[in-house]
Structures are given as C-alpha cells and as structure tokens.
Protein chains: 2
Amino acid sequence: MVTMKQIAQRTGVSVSTVSLVMNHRDEGRVKPEVAARVRATAKAMGYVVNPMASSLRTNRTHILGFVSEEVATTPYAGGIIRGAQDAASRFGYVMITVSVDGQDEDAEIAALKRYGTDGFLYAKMSNCITRVPASLEREPLVLVDATDPDNRFPSVEPNEFRIGYDATCRLVDAGCERIAYIGCTEPMLAQDGRLAGYRAALEETGAGYDPSLVVDVLDNGPALRAVSALFDRARPDGFFCFNDARAWYVYECAARRGLTVGRDLSVVGVDNHRVLAETLDPRLTTVELPHYEMGYWAVCRLVAGIEDRPLDGIDMPRTTAAMPPLDAPSPARIHCALIEKESVRTA
Amino acid sequence: MVTMKQIAQRTGVSVSTVSLVMNHRDEGRVKPEVAARVRATAKAMGYVVNPMASSLRTNRTHILGFVSEEVATTPYAGGIIRGAQDAASRFGYVMITVSVDGQDEDAEIAALKRYGTDGFLYAKMSNCITRVPASLEREPLVLVDATDPDNRFPSVEPNEFRIGYDATCRLVDAGCERIAYIGCTEPMLAQDGRLAGYRAALEETGAGYDPSLVVDVLDNGPALRAVSALFDRARPDGFFCFNDARAWYVYECAARRGLTVGRDLSVVGVDNHRVLAETLDPRLTTVELPHYEMGYWAVCRLVAGIEDRPLDGIDMPRTTAAMPPLDAPSPARIHCALIEKESVRTA
DNA sequence: GTGAAAGCGCTAACAA
DNA sequence: TTGTTAGCGCTTTCAC
C-alpha cells in the first residue's frame, strides 16, 4: 500500500503538501509546479487514499448505510439497491446494506454506526407507512419507497396515482369499456394511490367509476376464486392489476374460458416480480416501477444533505411518466414517475 | 463517542490495559479484579470499538465485500445477500455490496479494496461457469452459486443434480407416467445438473429416459409455442420446470386445454422468482433453492479462512434435501441441499 | 500485572 | 508557499 509519506519522500516535499494536493485544496497554497510533481508521482506509484485513516480526523467515512426492512428479501429490491449504489459510486461513496427483518434492527444499525456511516437510506417495499427506527432519527436520512406518517424525513416514492391513472388511460385508449381493478387488501399507499388514479381516469374519460369492477385480494387461494367470480359476474374487457401475481390470476381465468389476452381482453399489470414482461407474455402492457431511479435519486438527495451543497447539474431521473403509443411493440411498458417529498422538520 | 482513553481515565488505568481487556487478551496479563472494573465502566459509558481506528494498526477492518455480476439485479439475490449478512453479523463483520454489471467492475472492486475489505464473496446467478476478475484472484474469496472452471477457489452451490432427481422422483411417486422436463437453452451448470438428475431418476425408477419429453426454451414468445407443441405431441402428465416462468407456460397450456394442475397433471417447478409458491398456486410443488443457506455458509467459509481457524460448532445449513410427503399441505416444498467445493489451489 | 511510548495514514493548526 | 507539530482511536512492543 502506497502512503502519502512515500509520495512525500519521493517528491521531496512534506506530507502536508501531499495531503493538500491530493484533496484538491492546493489552489493558491501550493505552487502549481510542485502540485503537478506530486500528482505525477502519486499516479506513478499508484496511490489511493485510505478512507479509514482520513475518517479518523474528518469524521467522514464516505460510507452510506442502506437499511431495509423487507426490501432485500423481496424481488423488488434489486433495482433500488443498484440505483443507490450507482449514485453512491458516482459521488465517491460506498454502501453497506443491512436488512433488518424484525429481529435485531437496532443491533444492525448500531453495527453500521460503528463504522461511522455518513448517512442512511431507509427502504421499505410497496410504499408502506413506516415508523422510522429511533436510532436513525438523528442521522442524515432519506426514505425510499416508504412514507413517514409525520413527514419528518425526506422521501422518494413512486407516483402511485399516476400508475393507476396511466394504466387505466391506456386501457381506455385501447377501447376497453368495462375496466376492472384487481387490487390489494393490505393497507398501503400503493393500493390507495393506484385505486384513486384508476378512479380518476375512469371519471375523466366518461366511463365512470363502478365499484363492482374492483376486487381487492391477497396473494393466495381465495384470490383466484374472487377474480374468477368477477370474470363471470361483470365480464370485464380490461384489467388493471396491482402486481404480477394478480395478473396471473387474470391469465388463468381467461385461458380457462377460452379468452385470449390481447384480443378478447386487455391487461395492464405492475411488474413487481419482474416476471411479467421479461418472461411470460408479449400480449400485455406492464407498468415499470422506478426502482432504480428511486435508489439513485435518494442517494443524490442524501449526499447533497451530507455535504451541504446543492445538487448542481444532477437531474431527477425520469420525471415524467412515458405512455407508449398504442401500436408500440409488445410487451409495451409504462414507466412510472417518482415523487420526492421534502422533510418538514426544521433542520 | 466514548473512547478507550476516557475509560482508562475513569477507571484509573492506562489505555493499554483497557485495550487488552476489550480485546479479551487479558487472560493472565491483567488482574481479574481490574479487568472487571474496566469492563464495568466500559459498559456503563456505552463504549463501542471504533473499527476504523483499529484497522489502522491491525489491517483488519471486519468488512466483507459482496461482489455480484447480475445477482443484485435479479429476484434471486435477496436470499443470498440476507444469508451472507446474517452470518457476517454473527461473526462481527459487515458487508459492502456492489453489483458490477459489466461496466466498471474493476473500479468497483478497487473502491472496496480501499476500505480494506478483509475478504470477498463473488456471486453469480444460476450457477454459471465464471471467470473470476483478476483483481480478486489474490484476495480471500468464496464463490456463491457460481463455478470456477479450474476449481481454483472454494465455492458454494446448489446441488443441481438433486434438484432434478428429487423433483422427478416426486412426480413418479405421485403416479405420473409421462414426465416432461421444461429446461433452459442457455448453457449453465444448473441446466446440465438438473437434466442429469431428471434422467437418472427416470432410469432408476424404470420409466426410462425419453428425449422427446424434454424441451429446452428461453423466456420468451417461442417458449410458449414449444411447450404447447409438447403438450399436444407427447401428452405428458407430469412436468418438471426449470423455473417459474416455465411453469407458467405449463399452466397456460393446461388451462387452455381444460386441464387442471393437481388433477389431470402434476407440476414441480424451481421457484426462482419466488412468485410460484407464494402467490399463485397451491396445486404445485416448488423446489426451493438454498439461497439463504448458500450466502450464510459462504460467509462462514470465508471468515474461517480469513481468521485462519476451524469452523468449530458451525454446521452447514440444510445438508440434506427434504422431500415432502405426498399428502403434504399445498403448496408443498422441496428444499434443495447445497454443495461445497474446496479449492484445489495451493494456498 | 501495568504503563509509557511509538506509530498506523491522514488532516489541520500554526510557524516559518 | 511550505514544513513542523500535534493528534484522531487504537494496538503493540518493551520496560518497569
């Protein structure tokens, strides 16, 4: 391992000078010519900073903590983590990921803190309303796909309303006249927002909202029966599905009745498990959640907060949802926008 | 932040004594009575070690690097990461996760190294044959769900043969007589091993291996047609499916022909996307890959190597595959065992 | 048994 | 413009 000391000796300057140069704090303090020589030898010797050593003095480790309660267990997580990591690496940070599944949440967070984590991401899945662990309250923190009931922390979330709205509009555009929503019984913002969007779209386009076309189910046996009943009772010709599994129920029911998706009926589903668009079916429109973008943007926000500087030149990714044209190649994808909430607590 | 210095002052001893006690190196060197007092004040003051500071002298950070090429992007990853993290935290380590998707693999690894990572996990998905990045070759390293062509590194993998063998046996036990395999065209150990297991089971049980019952497909449109053709051509009454998506094709084909899974035909699928057993279908047997266990065990191996001590008292998780009885409640699950390969390189 | 002292690699006052 | 010095929190000789 090459140290500043070695560079100092080789260049014939002091360690402090090297330090100044390596930290780009040499403007007007070190003669440009000397600085250049230092940089040259540093490069030649393959010098890399030792962040642990600097952290001892600066109390900055350039380590971010990614704490998630369920996210790392579920298929949804990948994108968030990847986006967060890409952004982190862009700003010169690394991420330590811990998933705290109930058990010893505080112990895991404490472990992270020991390493002098500069700030935290706290992620949940499907935009639940979330109690932030007490041990995180006084740290730089951004919530991801999660909502803080009191709005005390900044958060990054999918625009759930737009998901429902865009999905339903697409079905309307495709000529569907009886559009069903297969939702979720568990209480969460995702469900509320998507249902509201679905409803708004129907009311706006004149079709009107009909509660008998909505069925909320869980991921289990009775779900298939409920969807089946809806099929026979209401004979919908369009389906907006809360996620992959629920789309699957629709497929099963359709196949069993000799109906073909894409001809007899249309389906738009949210691609939670990433199994819909990638593997199964070219006859379906999927809504892509902005997982990668949320992770990326959350880190941008967090780092800006930590370093107390504006996000100059960094744009929030995919700010608007893009609706594919009706004749788009299958499987068509609707990209969902993300929403950023400011914290209302007084810093 | 509480430091050793503060504890030393409060207890009326020197920092070195505190250091000895906190590192459990006080046996016979520090008077038990003094040691007890040190421990007491340490606890009272809420002391926690600063790993960064110690690493400066010891060159041990207790940080593990988790490098994955695709794994963090896919739904399969969660379990591996969670298992690895649990084991890490058990041994007092934390994990920094990076996913290197093609691009700047070496840059990401270099970033990890800067932090003085003690060792690495290198994970891929679906047991591909893998070239290990050069920058990892000289580090403590364990491969996860990946195979090194030259066996130069220890690895932890699912027992692919057993997956195919157990799945097929279960179908035989259930009374199936024409058992199909819906495999994968991409070359990987998972495919080879599972097919071999399928074949062995059929030959052993007397049914015999019939190549016309095997169809290898990709996750896309033609796959459904291929499975459909198999349905009509060979009329199988049992299906072993490489993964969720492929099971889905079988469901679609069955539904369209008025056949019911669990009555007219039986399906055993590998639950890659974790969407099969959890969401869709109680009429199916799923094979669970030992993701969590692989992550856990890989870290056990890695830490043992790093600290150069035996894995005393730590058992490899789920060493044998468990076959659920025929009348097991649905959805039944087959747990797959994992395999450990030693490295053949001379350390 | 215990403590003083040196030093890990780096940063930040302050002097020169 | 540069070097000297002190010290971040900890470990590790080595002397007492």
Side-chain angles (χ1 to χ4, degrees), chain A residues 1-39 41-42 45-63 92 110-111 113-118 307, chain B residues 1-39 41-42 45-63 92 110-111 113-118 307:
Chain A
M1 169 181 239
V2 184
T3 72
M4 283 192 177
K5 199 175 176 181
Q6 298 176 37
I7 298 182
Q9 281 165 345
R10 276 261 251 160
T11 327
V13 293
S14 78
V15 193
S16 358
T17 306
V18 177
S19 174
L20 283 178
V21 173
M22 295 323 284
N23 291 303
H24 305 104
R25 317 175 111 276
D26 56 308
E27 194 73 5
R29 326 240 262 113
V30 177
K31 209 188 293 179
E33 192 258 336
V34 178
R37 259 174 48 228
V38 169
R39 263 184 266 272
T41 41
M45 299 178 74
Y47 172 77
V48 282
V49 282
N50 180 336
M52 318 308 248
S54 357
S55 80
L56 229 45
R57 300 261 2 175
T58 58
N59 284 321
R60 281 277 142 80
T61 52
H62 281 223
I63 297 179
K113 280 188 177 170
R114 288 216 313 266
Y115 282 85
T117 327
D118 289 343
E307 302 185 349
Chain B
M1 168 181 239
V2 185
T3 71
M4 284 193 176
K5 199 176 178 181
Q6 297 175 38
I7 298 183
Q9 283 166 342
R10 276 261 250 163
T11 326
V13 295
S14 78
V15 194
S16 351
T17 307
V18 177
S19 174
L20 282 178
V21 173
M22 297 320 286
N23 290 307
H24 306 103
R25 317 176 114 275
D26 56 307
E27 193 74 6
R29 326 241 260 116
V30 177
K31 209 186 295 178
E33 192 258 337
V34 177
R37 261 174 45 230
V38 169
R39 262 184 265 273
T41 40
M45 299 177 73
Y47 172 78
V48 282
V49 283
N50 181 336
M52 318 308 248
S54 356
S55 80
L56 229 46
R57 297 267 349 180
T58 58
N59 282 323
R60 281 277 141 81
T61 52
H62 282 224
I63 297 178
K113 280 188 176 170
R114 288 217 314 266
Y115 282 85
T117 326
D118 289 343
E307 301 184 350

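Below, chains carry the letters A, B, ... as their sequence lines are ordered, and counting in each starts from 1. Side-chain atoms are counted along with the backbone in the values below, which use heavy atoms only and exclude waters and symmetry mates.
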Next on the checklist: Working to the nearest 0.5 angstrom, can you tell me the gap between B/M1 CE and A/N59 CG?
Outcome noted: 8.0 Å
Checklist entry - CG of A/N59 versus P of D/dG7: gap in Å, rounded? => result 17 Å
Checklist entry - For B/Y115 and A/I63, what are the C-alpha separation, side-chain angles and deciding distance, and is it a side-chain contact (heavy atoms from CB on, under 4.5 Å)? => result CA-CA 9 Å; B/Y115 282 85; A/I63 297 179; 3.6 Å; yes
Item to check | Separation of atom CD in B/Q9 from atom C1' in C/dT2, rounded to whole Å | outcome: 17 Å
Checklist entry - B/L20 CG to C/dG1 P: how many Å, rounded? => result 13 Å
Item to check | Distance-only donor-acceptor test (3.5 Å): side chain B/R57, base D/dG9 | outcome: no
Checklist entry - Considering only side-chain heavy atoms of A/L56, which listed nucleotide, C/dC10, D/dG3, D/dC8, is closest? => result D/dC8
Checklist entry - Taking N and O atoms by type only, does the side chain of A/S16 place a donor or acceptor under 3.5 Å from a partner on the base of C/dT11? => result no
Checklist entry - Can you tell me if A/T61 uses its side chain to pair, donor with acceptor, with the backbone of A/G116 under 3.5 Å? => result yes
Next on the checklist: Applying a 4.0 Å non-hydrogen cut-off, can you work out what B/S19 is touching in the nucleic acid: base, sugar-phosphate, or nothing?
Outcome noted: base
Item to check | Protein-nucleotide distance (A/R25, atom CZ; C/dT11, atom P), rounded to Å | outcome: 10 Å
Checklist entry - Starting at CZ of A/R114 and ending at P of D/dC10, how long is that distance when rounded to a whole Å? => result 11 Å
Next on the checklist: Nearest 0.5 angstrom please: A/T3 OG1 to A/M45 CE, how far?
Outcome noted: 7.5 Å
Checklist entry - Which is true for A/N23 with a 4.0 Å heavy-atom rule: it touches a base, it touches only sugar-phosphate, or it touches nothing? => result sugar-phosphate
Checklist entry - How many Å lie between CZ on B/R37 and P on C/dG1, as a whole number? => result 15 Å
Next on the checklist: Side chain of B/V15 only, heavy atoms from C-beta on: which candidate in D/dT11, D/dG3, C/dG9 is closest?
Outcome noted: D/dT11
Checklist entry - Looking at C/dT11, D/dT12, D/dG9, which one has an atom nearest to any side-chain atom of A/M4? => result C/dT11
Item to check | Spacing between B/R29 atom CZ and D/dC14 atom C1', to the nearest angstrom | outcome: 12 Å
Checklist entry - Within the structure, does a side-chain N or O atom of A/T3 lie under 4.0 Å from either OP1 or OP2 of C/dG9? => result no
Checklist outcome for this item: note: B/E33, atom CD; C/dG1, atom C1'; distance rounded to Å ~ 12 Å
Checklist entry - If you check the A/K5 side chain, which of C/dC8, C/dC10, D/dC10 turns out closest? => result C/dC8
Next on the checklist: To the nearest 0.5 Å, what is the distance between CG on B/N50 and CE on B/M4?
Outcome noted: 9.5 Å
Checklist entry - More 5' along DNA chain D: A/V30 or B/V2, using each one's nearest nucleotide? => result A/V30
Checklist entry - Taking only N and O in the side chain of B/T17, is any of them less than 4.0 Å away from OP1 or OP2 of C/dT2? => result no
Item to check | Among C/dC10, C/dT2, D/dC10, the nucleotide that comes nearest once only the side chain of B/S54 is considered | outcome: D/dC10
